[in-house]
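Read the structure below first, then the notes.
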Protein chains: 2
Amino acid sequence: MPHTTASIINQCRESGLRRTKALELLIDTLLSSPRPMTLAELSEHKNLNTQCDRATVFRLLQRLTDKAVVRRLGLHERAAYFTLLLEGRHQDFLICSECGKIEPIKAPCPVHALEREIASSTGFTELYHELEFFGICPACSK
Amino acid sequence: MPHTTASIINQCRESGLRRTKALELLIDTLLSSPRPMTLAELSEHKNLNTQCDRATVFRLLQRLTDKAVVRRLGLHERAAYFTLLLEGRHQDFLICSECGKIEPIKAPCPVHALEREIASSTGFTELYHELEFFGICPACSK
DNA sequence: ATACCTGCAAAGTCTTTGCCTTAGG
DNA sequence: CCTAAGGCAAAGACTTTGCAGGTAT
(Lines give C-alpha, C1' and ligand atoms only; values in the text may rest on other atoms or scores of the structure.)
Protein backbone atom coordinates (compact mmCIF):
# COMPACT_ATOMS: atom_id res chain seq x y z
CA MET A 1 0.00 0.00 0.00
CA PRO A 2 1.83 3.09 -1.23
CA HIS A 3 1.52 6.38 0.58
CA THR A 4 -0.23 8.89 -1.63
CA THR A 5 -1.12 12.52 -1.22
CA ALA A 6 -4.76 11.53 -1.30
CA SER A 7 -4.46 8.95 1.43
CA ILE A 8 -2.57 11.30 3.69
CA ILE A 9 -5.09 14.06 3.12
CA ASN A 10 -7.79 11.64 4.11
CA GLN A 11 -5.94 10.91 7.27
CA CYS A 12 -5.85 14.66 7.94
CA ARG A 13 -9.55 15.03 7.26
CA GLU A 14 -10.27 12.25 9.71
CA SER A 15 -8.27 14.13 12.33
CA GLY A 16 -10.53 17.11 11.77
CA LEU A 17 -8.45 19.23 9.43
CA ARG A 18 -9.99 20.95 6.46
CA ARG A 19 -8.94 20.14 2.97
CA THR A 20 -7.25 23.28 1.76
CA LYS A 21 -4.97 24.10 -1.13
CA ALA A 22 -2.09 24.75 1.24
CA LEU A 23 -2.49 21.41 2.96
CA GLU A 24 -2.47 19.60 -0.33
CA LEU A 25 0.61 21.37 -1.60
CA LEU A 26 2.44 20.83 1.65
CA ILE A 27 1.75 17.10 1.76
CA ASP A 28 2.80 16.82 -1.86
CA THR A 29 6.04 18.58 -1.18
CA LEU A 30 6.88 16.55 1.89
CA LEU A 31 6.03 13.35 0.09
CA SER A 32 8.34 14.19 -2.77
CA SER A 33 11.33 14.83 -0.54
CA PRO A 34 13.68 11.99 0.35
CA ARG A 35 14.67 13.76 3.53
CA PRO A 36 13.27 16.03 6.21
CA MET A 37 12.82 19.68 5.30
CA THR A 38 12.89 22.92 7.22
CA LEU A 39 10.09 25.43 7.32
CA ALA A 40 12.16 27.73 5.13
CA GLU A 41 12.84 25.01 2.58
CA LEU A 42 9.19 24.14 2.46
CA SER A 43 7.83 27.63 2.15
CA GLU A 44 10.41 28.54 -0.49
CA HIS A 45 9.88 25.37 -2.46
CA LYS A 46 8.51 26.01 -5.93
CA ASN A 47 5.31 24.19 -5.02
CA LEU A 48 4.55 26.56 -2.19
CA ASN A 49 6.34 29.86 -2.47
CA THR A 50 3.77 31.72 -4.49
CA GLN A 51 0.85 29.73 -3.18
CA CYS A 52 0.90 30.42 0.51
CA ASP A 53 2.47 32.35 3.30
CA ARG A 54 5.17 30.98 5.53
CA ALA A 55 2.96 31.48 8.57
CA THR A 56 0.40 29.23 6.97
CA VAL A 57 2.96 26.53 6.37
CA PHE A 58 4.15 26.97 9.92
CA ARG A 59 0.68 26.53 11.35
CA LEU A 60 -0.04 23.60 9.11
CA LEU A 61 3.11 21.86 10.25
CA GLN A 62 2.09 22.58 13.80
CA ARG A 63 -1.30 20.97 13.34
CA LEU A 64 0.11 18.05 11.41
CA THR A 65 2.63 17.44 14.16
CA ASP A 66 -0.17 17.47 16.73
CA LYS A 67 -2.11 14.97 14.69
CA ALA A 68 0.99 12.78 14.30
CA VAL A 69 0.95 13.13 10.55
CA VAL A 70 4.37 14.70 10.50
CA ARG A 71 7.25 14.56 12.93
CA ARG A 72 9.44 17.41 13.95
CA LEU A 73 13.13 16.58 14.14
CA GLY A 74 16.08 18.34 15.67
CA LEU A 75 19.02 17.33 13.49
CA HIS A 76 21.24 19.77 15.26
CA GLU A 77 20.58 22.71 13.05
CA ARG A 78 19.26 26.05 14.03
CA ALA A 79 16.03 25.32 12.18
CA ALA A 80 13.64 22.45 12.86
CA TYR A 81 13.12 19.73 10.26
CA PHE A 82 9.83 18.11 9.35
CA THR A 83 9.09 14.78 7.80
CA LEU A 84 6.00 12.74 7.11
CA LEU A 85 5.36 10.07 9.69
CA LEU A 86 4.76 7.16 7.38
CA GLU A 87 3.73 3.91 8.93
CA GLY A 88 6.57 1.45 9.32
CA ARG A 89 9.13 3.83 7.96
CA HIS A 90 11.47 4.91 10.73
CA GLN A 91 14.58 6.75 9.58
CA ASP A 92 17.90 7.53 11.19
CA PHE A 93 20.33 10.05 9.75
CA LEU A 94 23.94 10.66 8.96
CA ILE A 95 24.90 14.30 8.97
CA CYS A 96 28.10 16.04 7.98
CA SER A 97 29.22 18.46 10.68
CA GLU A 98 31.04 20.43 8.06
CA CYS A 99 28.67 20.94 5.15
CA GLY A 100 25.44 19.93 6.85
CA LYS A 101 24.44 17.36 4.29
CA ILE A 102 21.82 14.97 5.64
CA GLU A 103 21.47 11.42 4.40
CA PRO A 104 19.15 8.69 5.58
CA ILE A 105 20.84 5.57 6.91
CA LYS A 106 20.06 2.31 5.21
CA ALA A 107 20.99 -0.06 8.00
CA PRO A 108 18.21 -1.26 10.25
CA CYS A 109 17.92 0.72 13.44
CA PRO A 110 19.35 -1.14 16.43
CA VAL A 111 17.43 0.77 19.03
CA HIS A 112 13.95 -0.66 19.03
CA ALA A 113 14.64 -3.29 21.67
CA LEU A 114 16.03 -0.67 24.02
CA GLU A 115 13.04 1.49 23.30
CA ARG A 116 10.65 -1.16 24.53
CA GLU A 117 12.79 -1.76 27.56
CA ILE A 118 12.77 1.93 28.44
CA ALA A 119 9.03 2.14 27.96
CA SER A 120 8.43 -0.60 30.48
CA SER A 121 11.06 0.44 32.99
CA THR A 122 10.23 4.14 33.10
CA GLY A 123 6.52 4.25 32.42
CA PHE A 124 6.95 6.71 29.56
CA THR A 125 4.27 6.39 26.92
CA GLU A 126 4.19 7.17 23.23
CA LEU A 127 7.88 6.57 23.10
CA TYR A 128 9.88 7.13 19.96
CA HIS A 129 13.46 7.96 19.30
CA GLU A 130 15.70 10.04 17.17
CA LEU A 131 19.15 8.80 16.23
CA GLU A 132 21.68 10.86 14.37
CA PHE A 133 25.28 10.22 13.44
CA PHE A 134 27.53 13.21 12.97
CA GLY A 135 30.93 13.27 11.36
CA ILE A 136 32.97 14.71 8.54
CA CYS A 137 31.96 13.44 5.11
CA PRO A 138 34.60 12.30 2.61
CA ALA A 139 34.20 15.42 0.49
CA CYS A 140 34.74 17.74 3.45
CA SER A 141 37.62 15.83 4.99
CA LYS A 142 39.94 16.60 2.09
CA MET B 1 40.77 8.92 37.70
CA PRO B 2 38.01 11.40 38.51
CA HIS B 3 37.36 14.36 36.27
CA THR B 4 38.16 17.54 38.11
CA THR B 5 37.92 21.19 37.23
CA ALA B 6 41.67 21.38 37.41
CA SER B 7 42.26 18.51 35.03
CA ILE B 8 39.82 19.88 32.50
CA ILE B 9 41.34 23.31 32.70
CA ASN B 10 44.69 21.75 31.99
CA GLN B 11 43.22 20.10 28.95
CA CYS B 12 42.02 23.53 27.83
CA ARG B 13 45.40 25.09 28.41
CA GLU B 14 47.02 22.40 26.33
CA SER B 15 44.62 23.24 23.52
CA GLY B 16 45.81 26.81 23.65
CA LEU B 17 43.12 28.46 25.76
CA ARG B 18 43.97 30.91 28.46
CA ARG B 19 43.14 30.25 32.04
CA THR B 20 40.51 32.83 32.88
CA LYS B 21 38.01 33.28 35.64
CA ALA B 22 35.14 32.71 33.25
CA LEU B 23 36.58 29.46 31.96
CA GLU B 24 37.04 28.16 35.46
CA LEU B 25 33.53 29.05 36.51
CA LEU B 26 32.04 27.56 33.37
CA ILE B 27 33.86 24.26 33.72
CA ASP B 28 32.83 24.11 37.36
CA THR B 29 29.23 24.68 36.50
CA LEU B 30 29.14 22.12 33.71
CA LEU B 31 30.91 19.61 35.90
CA SER B 32 28.37 20.03 38.65
CA SER B 33 25.41 19.43 36.39
CA PRO B 34 24.09 15.92 35.92
CA ARG B 35 22.68 16.86 32.53
CA PRO B 36 23.38 19.13 29.58
CA MET B 37 22.64 22.82 30.03
CA THR B 38 21.61 25.60 27.72
CA LEU B 39 23.50 28.83 27.27
CA ALA B 40 20.76 30.62 29.17
CA GLU B 41 20.88 28.16 32.05
CA LEU B 42 24.63 28.49 32.23
CA SER B 43 24.81 32.23 32.08
CA GLU B 44 22.02 32.63 34.61
CA HIS B 45 23.47 30.06 36.95
CA LYS B 46 24.46 31.52 40.29
CA ASN B 47 28.10 30.69 39.59
CA LEU B 48 28.17 32.80 36.48
CA ASN B 49 25.45 35.40 36.36
CA THR B 50 27.27 38.20 38.11
CA GLN B 51 30.70 37.06 36.99
CA CYS B 52 30.52 37.25 33.24
CA ASP B 53 28.50 38.25 30.25
CA ARG B 54 26.40 35.84 28.24
CA ALA B 55 28.45 36.58 25.13
CA THR B 56 31.50 35.46 27.01
CA VAL B 57 29.90 32.19 27.98
CA PHE B 58 28.74 31.79 24.41
CA ARG B 59 32.20 32.28 23.00
CA LEU B 60 33.73 30.03 25.58
CA LEU B 61 31.31 27.26 24.71
CA GLN B 62 32.17 27.80 21.10
CA ARG B 63 35.87 27.42 21.72
CA LEU B 64 35.38 24.47 24.01
CA THR B 65 33.26 22.77 21.39
CA ASP B 66 35.99 23.35 18.81
CA LYS B 67 38.55 21.85 21.12
CA ALA B 68 36.27 18.89 21.80
CA VAL B 69 36.09 19.67 25.49
CA VAL B 70 32.34 20.10 25.38
CA ARG B 71 29.75 18.80 22.99
CA ARG B 72 26.79 20.68 21.67
CA LEU B 73 23.55 18.74 21.63
CA GLY B 74 20.23 19.30 19.94
CA LEU B 75 17.74 17.67 22.27
CA HIS B 76 14.88 19.04 20.26
CA GLU B 77 14.54 22.30 22.06
CA ARG B 78 14.79 25.71 20.64
CA ALA B 79 18.00 26.26 22.54
CA ALA B 80 21.19 24.23 22.18
CA TYR B 81 22.48 22.16 25.08
CA PHE B 82 26.06 21.77 26.15
CA THR B 83 27.77 19.06 28.10
CA LEU B 84 31.33 18.17 29.00
CA LEU B 85 32.81 15.54 26.76
CA LEU B 86 34.25 13.26 29.41
CA GLU B 87 36.32 10.36 28.26
CA GLY B 88 34.41 7.10 28.13
CA ARG B 89 31.19 8.69 29.23
CA HIS B 90 28.73 8.65 26.36
CA GLN B 91 25.17 9.55 27.33
CA ASP B 92 21.82 9.07 25.69
CA PHE B 93 18.71 10.85 26.88
CA LEU B 94 15.07 10.37 27.68
CA ILE B 95 13.00 13.50 27.23
CA CYS B 96 9.40 14.24 28.07
CA SER B 97 7.64 15.83 25.11
CA GLU B 98 5.23 17.43 27.51
CA CYS B 99 7.26 19.00 30.29
CA GLY B 100 10.67 18.89 28.66
CA LYS B 101 12.39 17.06 31.50
CA ILE B 102 15.65 15.50 30.39
CA GLU B 103 17.09 12.42 32.03
CA PRO B 104 20.17 10.43 31.16
CA ILE B 105 19.58 6.80 30.25
CA LYS B 106 21.32 4.18 32.32
CA ALA B 107 21.25 1.32 29.83
CA PRO B 108 24.30 0.80 27.69
CA CYS B 109 24.03 2.37 24.29
CA PRO B 110 23.34 -0.19 21.56
CA VAL B 111 24.58 1.92 18.72
CA HIS B 112 28.34 1.67 18.80
CA ALA B 113 28.57 -1.34 16.52
CA LEU B 114 26.46 0.41 13.89
CA GLU B 115 28.59 3.49 14.30
CA ARG B 116 31.74 1.58 13.35
CA GLU B 117 29.96 0.00 10.44
CA ILE B 118 28.84 3.37 9.14
CA ALA B 119 32.31 4.81 9.53
CA SER B 120 33.77 2.12 7.34
CA SER B 121 31.00 1.97 4.76
CA THR B 122 30.63 5.70 4.19
CA GLY B 123 34.10 7.06 4.79
CA PHE B 124 32.86 9.57 7.35
CA THR B 125 35.45 10.43 9.95
CA GLU B 126 35.20 11.64 13.53
CA LEU B 127 31.88 9.92 13.80
CA TYR B 128 29.75 10.19 16.89
CA HIS B 129 26.07 9.90 17.50
CA GLU B 130 23.24 11.40 19.41
CA LEU B 131 20.36 9.26 20.56
CA GLU B 132 17.26 10.62 22.21
CA PHE B 133 14.05 9.00 23.29
CA PHE B 134 10.94 11.13 23.42
CA GLY B 135 7.68 10.33 25.10
CA ILE B 136 5.23 11.36 27.77
CA CYS B 137 6.52 10.91 31.29
CA PRO B 138 4.35 9.29 33.96
CA ALA B 139 3.66 12.61 35.68
CA CYS B 140 2.48 14.26 32.48
CA SER B 141 0.40 11.37 31.23
CA LYS B 142 -2.09 11.71 34.08
C1' DA C 1 -23.81 30.31 9.00
C1' DT C 2 -19.77 29.39 11.55
C1' DA C 3 -15.69 27.50 12.74
C1' DC C 4 -11.51 26.99 10.81
C1' DC C 5 -7.76 28.90 7.81
C1' DT C 6 -5.00 32.39 5.63
C1' DG C 7 -2.07 36.54 4.83
C1' DC C 8 0.30 40.22 6.51
C1' DA C 9 2.93 42.35 9.70
C1' DA C 10 4.85 42.63 14.08
C1' DA C 11 6.87 40.67 18.18
C1' DG C 12 9.51 36.90 20.50
C1' DT C 13 13.38 33.96 21.54
C1' DC C 14 17.81 32.47 21.15
C1' DT C 15 22.21 33.14 18.80
C1' DT C 16 25.91 35.67 16.86
C1' DT C 17 28.90 39.65 15.91
C1' DG C 18 31.45 44.35 16.14
C1' DC C 19 34.10 47.18 18.64
C1' DC C 20 36.69 48.68 22.05
C1' DT C 21 38.79 47.57 26.62
C1' DT C 22 41.16 44.28 29.77
C1' DA C 23 44.36 40.94 31.11
C1' DG C 24 46.92 36.30 30.48
C1' DG C 25 51.50 34.43 29.05
C1' DC D 1 54.07 43.66 24.83
C1' DC D 2 51.03 41.18 22.02
C1' DT D 3 47.23 38.61 21.28
C1' DA D 4 43.43 36.12 23.24
C1' DA D 5 39.45 37.02 26.05
C1' DG D 6 35.70 39.95 28.01
C1' DG D 7 31.78 43.45 28.20
C1' DC D 8 28.23 45.90 26.08
C1' DA D 9 25.12 46.68 22.71
C1' DA D 10 23.22 45.80 18.34
C1' DA D 11 22.08 42.78 14.56
C1' DG D 12 20.67 38.08 12.80
C1' DA D 13 18.04 33.86 12.24
C1' DC D 14 14.19 31.32 12.96
C1' DT D 15 9.77 30.98 15.19
C1' DT D 16 5.46 32.47 16.87
C1' DT D 17 1.29 35.35 17.32
C1' DG D 18 -2.64 39.08 16.64
C1' DC D 19 -5.92 40.51 13.79
C1' DA D 20 -8.91 41.15 9.96
C1' DG D 21 -10.76 38.99 6.09
C1' DG D 22 -11.63 34.49 3.40
C1' DT D 23 -13.36 29.68 2.87
C1' DA D 24 -14.47 24.72 3.69
C1' DT D 25 -18.24 22.24 5.52
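Each chain gets a letter, A, B and so on, in the order the sequences are listed, and its residues count up from 1. What you see below is based on every heavy atom in this structure, not just the backbone, and it leaves out hydrogens, waters and symmetry mates.
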| said: Which residues in residues 19-43 of chain B have a heavy atom closer than 4.0 Å to any atom of DNA chain C? | reply: B/Arg19, B/Leu39

| Rounded distance [0.5 Å steps], CG in A/Leu127 versus CZ in A/Arg116 | 11.0 Å

| field | Least distance between heavy atoms, B/Thr56 atom then B/Ala22 atom | value | CG2-CB, 4.0 Å

| query | A/Tyr128 and A/Ile118: same hydrophobic cluster, using ILVMFWY side-chain contacts below 4.5 Å? | reply | no

Identify each donor-acceptor pair in which a side-chain atom of residues 25-37 of chain B lies under 3.5 Å from a protein atom, sequence neighbours left out, and give them as a table.
residue	atom	partner	partner atom	Å
B/Asp28	OD1	B/Thr5	OG1	2.5
B/Thr29	OG1	B/Leu25	O	2.7
B/Thr29	OG1	B/Asn47	ND2	3.1
B/Ser32	OG	B/Thr29	O	2.8
B/Ser33	OG	B/Arg35	N	3.1
B/Ser33	OG	B/Arg35	O	2.5
B/Arg35	NH2	B/Glu41	OE2	3.2

| field | Any donor-acceptor N/O pair under 3.5 Å between C/dG7 base and A/Arg59 side chain | value | yes

| query | Is the closest side-chain heavy-atom distance between B/Ile102 and B/Tyr81 below 4.5 Å? | reply | yes

Where do N or O atoms of nucleotides 20-23 of chain C meet protein N or O atoms at under 3.5 Å, pair by pair?
none

| query | If you take all heavy atoms of B/Pro110 and A/Leu114, which pair is closest and at what distance? | reply | CD-CD2, 3.6 Å

| Along DNA chain D, 5' to 3', what are the outermost nucleotides having an atom less than 4.0 Å from a heavy atom of chain B? | D/dT3 to D/dT16

| Okay, side chain of A/Ser43, backbone of A/Leu39: is any donor-acceptor separation there less than 3.5 Å? | yes

| note | Nearest-nucleotide check on DNA chain D, B/Arg63 vs B/Arg78; residue mapping nearer the 5' end is B/Arg63

| To the nearest 10 degrees, what angle separates the axes at the start and end of the helix from C/dA1-D/dT25 to C/dG25-D/dC1, five pairs each? | 40°

Can you give each donor-acceptor pair under 3.5 Å made by side-chain atoms of residues 59-73 of chain A, sequence neighbours left out, with the distance rounded to 0.1 Å?
residue	atom	partner	partner atom	Å
A/Thr65	OG1	A/Leu61	O	2.6
A/Lys67	NZ	A/Ser15	O	3.2

| Nearest-Å distance, OH (B/Tyr81) to C1' (C/dC14)? | 12 Å

Between side-chain atoms of residues 130-142 of chain B and protein atoms elsewhere (two or more places apart, or another chain), which donor-acceptor pairs fall under 3.5 Å?
residue	atom	partner	partner atom	Å
B/Glu130	OE1	A/His76	NE2	3.0
B/Glu130	OE2	B/Gly74	N	3.1
B/Ser141	OG	B/Pro138	O	3.1

| said: Would you compute the distance between atom CG of B/Leu23 and atom CZ of B/Arg13 and round it to the nearest 0.5 angstrom? | reply: 9.5 Å

| Interatomic distance, A/Arg13 CZ vs C/dC4 P [rounded to whole Å] | 14 Å

| Excluding sequence neighbours, so at least two apart, what forms side-chain contact (heavy atoms from CB on, under 4.5 Å) with A/Glu44? | A/Ala40, A/Arg54

| Whole-Å distance between C/dC5 P and A/Ile9 CD1? | 13 Å

Output a table of donor-acceptor pairs, distance under 3.5 Å, between side-chain atoms of residues 82-94 of chain A and any protein atom two or more places apart or on a different chain; print 'none' if there are none.
residue	atom	partner	partner atom	Å
A/His90	NE2	A/Asp92	OD1	2.7
A/His90	NE2	A/His129	NE2	2.9

| remark: Minimal heavy-atom distance between B/Val57 and B/Cys52, with the atoms involved, is CG2-SG, 4.0 Å

| query | Of B/Leu17 and B/Phe82, whose closest DNA chain C nucleotide lies nearer the 5' terminus? | reply | B/Phe82

| note | So the side-chain hydrogen bond (donor to acceptor under 3.5 Å, both in side chains) pairs with at least one residue in residues 93-109 of chain B (sequence neighbours excluded) are B/Lys101-B/Glu103

| field | Of residues 46-57 of chain A, the positions that come close to DNA chain C - non-hydrogen atoms, cut-off under 4.0 Å | value | A/Gln51, A/Cys52, A/Asp53, A/Ala55, A/Thr56

| For A/Glu126, salt bridge (charged side-chain N to carboxylate O under 4.0 Å, His left out) partners two or more places apart | none

| Within the side chain of A/Ser7, is there an N or O that forms a donor-acceptor pair under 3.5 Å with the backbone of A/His3? | no

